[in-house]
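First up is the structure itself, then whatever we jot down about it.
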Protein chains: 2
Amino acid sequence: MIKIADVARAAQVSPSTVSRALTKPDLVAPETRERVLQAARQLGYQPNKLARGLRKQQSRLLGLIVSDILAPFHATLAKGVQDAAEKHGYMVFLFNSDEQPEKEARYLQELQSHWPEGLLIVPTAKTRQHLRNLRSAGSMPIIELDRTSGTPGVHAVLVENVLGAREAVEHLISLGHRRIGMVTGEPVITTAQERLEGYRQALKAAGIALDERLVANGYHKEEGGYAATLQLLRLPAPERPTALFVGNSEMAAGAVQAIRDLGLRIPEDISLVSFDDTRWAQLMEPALTVVAQPAYEIGYLACETLVSLLRQKAPAEGRILRLKTRLLIRHSTARPRED
Amino acid sequence: MIKIADVARAAQVSPSTVSRALTKPDLVAPETRERVLQAARQLGYQPNKLARGLRKQQSRLLGLIVSDILAPFHATLAKGVQDAAEKHGYMVFLFNSDEQPEKEARYLQELQSHWPEGLLIVPTAKTRQHLRNLRSAGSMPIIELDRTSGTPGVHAVLVENVLGAREAVEHLISLGHRRIGMVTGEPVITTAQERLEGYRQALKAAGIALDERLVANGYHKEEGGYAATLQLLRLPAPERPTALFVGNSEMAAGAVQAIRDLGLRIPEDISLVSFDDTRWAQLMEPALTVVAQPAYEIGYLACETLVSLLRQKAPAEGRILRLKTRLLIRHSTARPRED
DNA sequence: AAATTAACTGCAATCGTTGTCAAAAGCGGT
DNA sequence: ACCGCTTTTGACAACGATTGCAGTTAATTT
């Protein structure tokens with residue numbers, strides 16, 4: 001690799017001058033500058049970011065930990081973050097915790113040793129402890145995405161989960177459904193709590209009593225969604241739900257398969273709404289009614305916020321931003337059968 | 001941040017001893033070692049990777065550039081790479097070229113300045129030039145994924161595109177189809193070339209003349225797939241294909257929509273096979289017959305190969321590994337209608 | 001023409017870590 | 001008590017880039 005000394009030799013100046021010519025061009029004489037720039041170009045010089053970071057005590061690095069890079073929601077989130085980071089000259093270290101707290105802890109350690117200037121994270125169940133253990137956490141701004149860990153002083157960019165869920169369930173109610181089941185996620189995750197709360201509020205507002213048997217845990221995963229859906233649809237006829245609200249798209253995929261395996265038809269036999277939009281939700285037959293989240297915007301906004309936090313060095317107190325969801329009514333919801 | 005000098009002070013030893021206690025424990029006396037380790041633990045010391053990298057002239061960093069992180073295939077690829085990298089103590093810098101050569105060039109530059117020890121890349125149309133311009137490329141092992149750029153000396157991990165495509169088309173032929181259309185990707189991309197070649201071979205082996213009008217370019221994207229499919233299915237009846245082979249899943253999504261918009265039914269009116277398996281291909285009705293690729297394995301294997309290349313410092317000559325595809329026959333293919 | 005100022009450049013120290021070298025300390029044997 | 005040996009430790013110099021300070025030259029003013 002070409003280093004600054006090589007360029008200096010080629011341009012017949014000192015390393016200091018090369019450095020200045022490249023980073024503070026107006027401090028060096030025009031001819032010298034030209035000579036240096038040309039030499040640098042010719043040799044293909046690229047400043048070593050390790051050395052620069054060490055000297056300037058800044059890495060221009062951000063850490064991003066998502067909980068499932070294979071889920072389109074998270075991939076989109078990551079893209080938003082990266083695009084925003086790039087705009088401001090930051091690089092992003094992307095990790096995938098797979099919802100596993102141990103992995104998250106390991107990656108946080110690893111990340112820390114690379115001196116990131118800020119951290120963006122989709123927290124898992126143990127994030128709060130992990131962040132407490134991180135020494136540098138006090139100095140480094142942290143933004144949580146999609147969910148919160150409850151760590152004090154941390155910023156977050158989320159969506160209106162309660163409202164979004166409520167609108168989805170109200171849609172079902174307006175179609176005439178009364179027995180509406182919910183497949184929820186891990187109760188420790190705030191999105192699961194909030195979406196369940198929205199479900200509760202919608203029922204309450206419509207004067208429908210909450211039946212605990214109609215709420216099943218799908219643990220945020222496809223298999224869990226499958227199992228939870230089977231459980232709900234195998235209830236004896238009078239209690240069996242005529243519509244299902246599912247907490248995220250992974251579980252919704254399981255739900256669709258469970259419904260098919262039971263030989264039921266959507267929406268004739270059962271209506272289905274899910275949080276989170278995906279390609280398959282649009283392409284499946286019938287297209288799925290969903291609560292769409294602005295995933296890209298969440299990532300982008302979170303990163304913008306982080307960068308602006310880094311600009312003003314005063315460590316602002318934690319603020320929570322919430323973006324709106326949109327209920328996309330497609331063809332998986334209809335009036336309940338009259339029997 | 002705690003640095004080595006802080007630990008040294010706390011443990012009453014010199015910085016050198018701290019460094020040794022942490023990295024070469026058997027070179028320091030047991031009691032001293034304990035004292036140092038405890039001080040380090042207590043202070044939450046994390047070695048600064050920037051400084052270490054600078055001093056040791058190694059970054060333990062790998063670069064990964066994929067061409068579309070939102071596509072499940074690429075996300076899975078990335079996961080495979082990361083998992084393998086983590087196993088060997090490497091970090092991965094992930095970038096997304098969005099198939100745009102300029103972005104790729106920019107990221108390659110940016111990456112280079114972080115001193116990666118190796119590079120994994122899903123090449124775009126201009127990768128060959130970009131790599132030629134990279135000074136460090138000579139010293140740094142490079143592995144291409146999914147496609148090749150044709151850069152001499154570069155390693156690659158690909159799939160059996162010709163064979164996979166051929167099997168898919170042979171499947172259609174065995175069902176009785178004779179007019180089979182193909183929606184292909186950008187011709188500069190090797191996967192598109194190879195899959196087209198497989199299509200040709202299958203037709204030839206069955207004694208079916210190739211009709212150029214049955215091959216349409218979908219440019220690797222959903223919209224392109226939509227347009228190409230419309231074009232093929234609007235051919236006058238005698239030439240119109242009874243089956244379609246689509247070069248990747250993005251274009252397949254477009255194809256499905258085009259078919260629906262034309263009011264045709266799969267597989268009664270038209271059979272459909274696509275390269276690349278996805279969640280929606282499994283969930284759509286009817287489930288799509290596909291040529292599945294071992295995406296995770298490609299990433300994992302590529303990274304393993306890269307690491308082993310780094311271990312043995314002799315720069316081995318470029319080798320190409322090809323993994324097998326699997327034809328998953330589902331319900332989007334059937335005998336052609338007799339009319 | 002001398003004095004003052006401005007513009008430009010180089011020296012040397014620095015960031016945190018590691019490896020080399022040599023000094024110091026401990027040990028057993030004579 | 002002294003010698004040679006091993007074990008343990010610390011001082012110091014890098015790695016590559018940046019920057020405060022000081023020095024040199026040229027330009028401007030008196």
Side-chain angles (χ1 to χ4, degrees), chain A residues 1-37 39-40 43-61 89 91 110 112-117 135-136 139, chain B residues 1-37 39-40 43-61 89 109-110 112-117 135-136 139:
Chain A
M1 280 293 298
I2 309 298
K3 54 182 140 177
I4 217 168
D6 301 323
V7 180
R9 206 172 317 117
Q12 313 251 53
V13 291
S14 75
S16 332
T17 304
V18 176
S19 172
R20 271 186 293 250
L22 294 169
T23 58
K24 297 161 183 157
D26 34 326
L27 283 187
V28 325
E31 321 131 47
T32 326
R33 190 197 313 151
E34 258 324 298
R35 197 145 37 90
V36 170
L37 259 42
L43 294 170
Y45 170 74
Q46 282 290 120
N48 183 329
K49 293 265 163 100
L50 272 72
R52 174 183 285 178
L54 183 60
R55 171 66 232 241
K56 298 182 78 168
Q57 299 286 80
Q58 55 161 239
S59 60
R60 296 280 127 167
L61 225 59
M91 298 268 284
E110 182 64 27
Q112 190 190 190
S113 71
H114 282 267
W115 274 31
E117 295 181 25
R135 298 286 155 155
S136 59
S139 57
Chain B
M1 278 293 298
I2 309 299
K3 55 182 138 175
I4 221 169
D6 300 324
V7 180
R9 206 172 317 115
Q12 313 251 49
V13 291
S14 75
S16 329
T17 304
V18 174
S19 173
R20 269 187 298 250
L22 293 169
T23 58
K24 297 161 181 159
D26 35 329
L27 284 186
V28 327
E31 320 132 46
T32 325
R33 190 197 314 151
E34 258 325 297
R35 199 146 35 92
V36 171
L37 259 44
L43 294 172
Y45 171 74
Q46 282 290 119
N48 182 331
K49 293 264 163 97
L50 271 70
R52 174 182 287 177
L54 183 60
R55 172 66 231 240
K56 301 183 75 169
Q57 299 284 82
Q58 55 161 238
S59 59
R60 298 280 127 168
L61 225 60
Q109 290 267 322
E110 181 64 26
Q112 190 189 191
S113 71
H114 282 268
W115 275 33
E117 296 181 23
R135 296 287 154 156
S136 58
S139 58

About how many Å separate [atom2] of [Y] and [atom1] of [X], when rounded to the nearest 0.5 Å?
X	Y	atom1	atom2	result
A:Arg55	A:Asn48	CZ	CG	14.5 Å
A:Thr32	A:Glu34	OG1	CD	10.0 Å
A:Leu43	A:Arg9	CG	CZ	9.5 Å
A:Leu54	A:Ser59	CG	OG	11.5 Å

(message) For DNA chain C, which residues of residues 3-12 of chain B approach it to below 4.0 angstrom with any heavy atom?
(response)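 Residues of residues 3-12 of chain B under 4.0 Å from DNA chain C: B:Lys3, B:Ile4.
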(request) Please list residues of residues 13-29 of chain A whose heavy atoms come under 4.0 Å from any atom in DNA chain C, ordered by number; otherwise none. (result)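 Output list: A:Val13, A:Ser14, A:Ser16, A:Thr17, A:Arg20, A:Leu27, A:Val28, A:Ala29.
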Could you give the [atom1]-to-[atom2] distance, from [X] to [N], as a whole number of Å?
X	N	atom1	atom2	answer
A:Gln57	C:dC15	CD	P	8 Å
A:Gln58	C:dT14	CD	C1'	15 Å
B:Leu50	C:dC15	CG	C1'	10 Å

(request) Please list, chain by chain and in numerical order, all residues satisfying side chain to side chain donor-acceptor pair (under 3.5 Å) with A:Gln46, sequence neighbours excluded. (result)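 A:Gln46 satisfies side chain to side chain donor-acceptor pair (under 3.5 Å) with no residue once adjacent residues are dropped.
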(message) Measuring only between side-chain heavy atoms, which start at C-beta, is B:Glu117 closer than 4.5 Å to B:Arg60?
(response)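 The answer is yes, as the side chains (C-beta and beyond) meet within the 4.5 Å cut-off.
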(message) Within the 4.5 Å heavy-atom criterion, are A:Lys49 and A:Leu61 side-chain neighbours or not?
(response)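 With C-beta onward as the side chain, the pair stays apart.
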(message) Using a 4.0 Å cut-off to any heavy atom of chain B, which nucleotides of DNA chain D are the first and last in contact, reading 5' to 3'?
(response)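 Contacts span D:dT8 to D:dG16, reading 5' to 3'.
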(message) Both B:Ala51 and B:Arg35 contact DNA chain D. Taking the nearest nucleotide for each, which residue is further toward the 5' end?
(response)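 The residue mapped nearer the 5' terminus is B:Arg35.
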(message) Using a strict threshold of under 4.0 Å (side-chain N to carboxylate O), is an ion pair present between B:Asp6 and B:Lys3?
(response)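 Answer for the salt bridge query: no.
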With a 3.5 Å cut-off and sequence neighbours excluded, list the donor-acceptor pairs that the side chains of residues 16-27 of chain A form with protein atoms.
unit_1	atom_1	unit_2	atom_2	d
A:Thr17	OG1	A:Ser14	OG	3.2
A:Thr23	OG1	A:Ser19	O	2.8

(request) Mind checking side-chain contact (heavy atoms from CB on, under 4.5 Å) for B:Ala11 and listing every partner two or more places apart, or none if nothing turns up? (result)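 B:Ala11 satisfies side-chain contact (heavy atoms from CB on, under 4.5 Å) with B:Val13, B:Arg35, B:Val36, B:Ala39 only.
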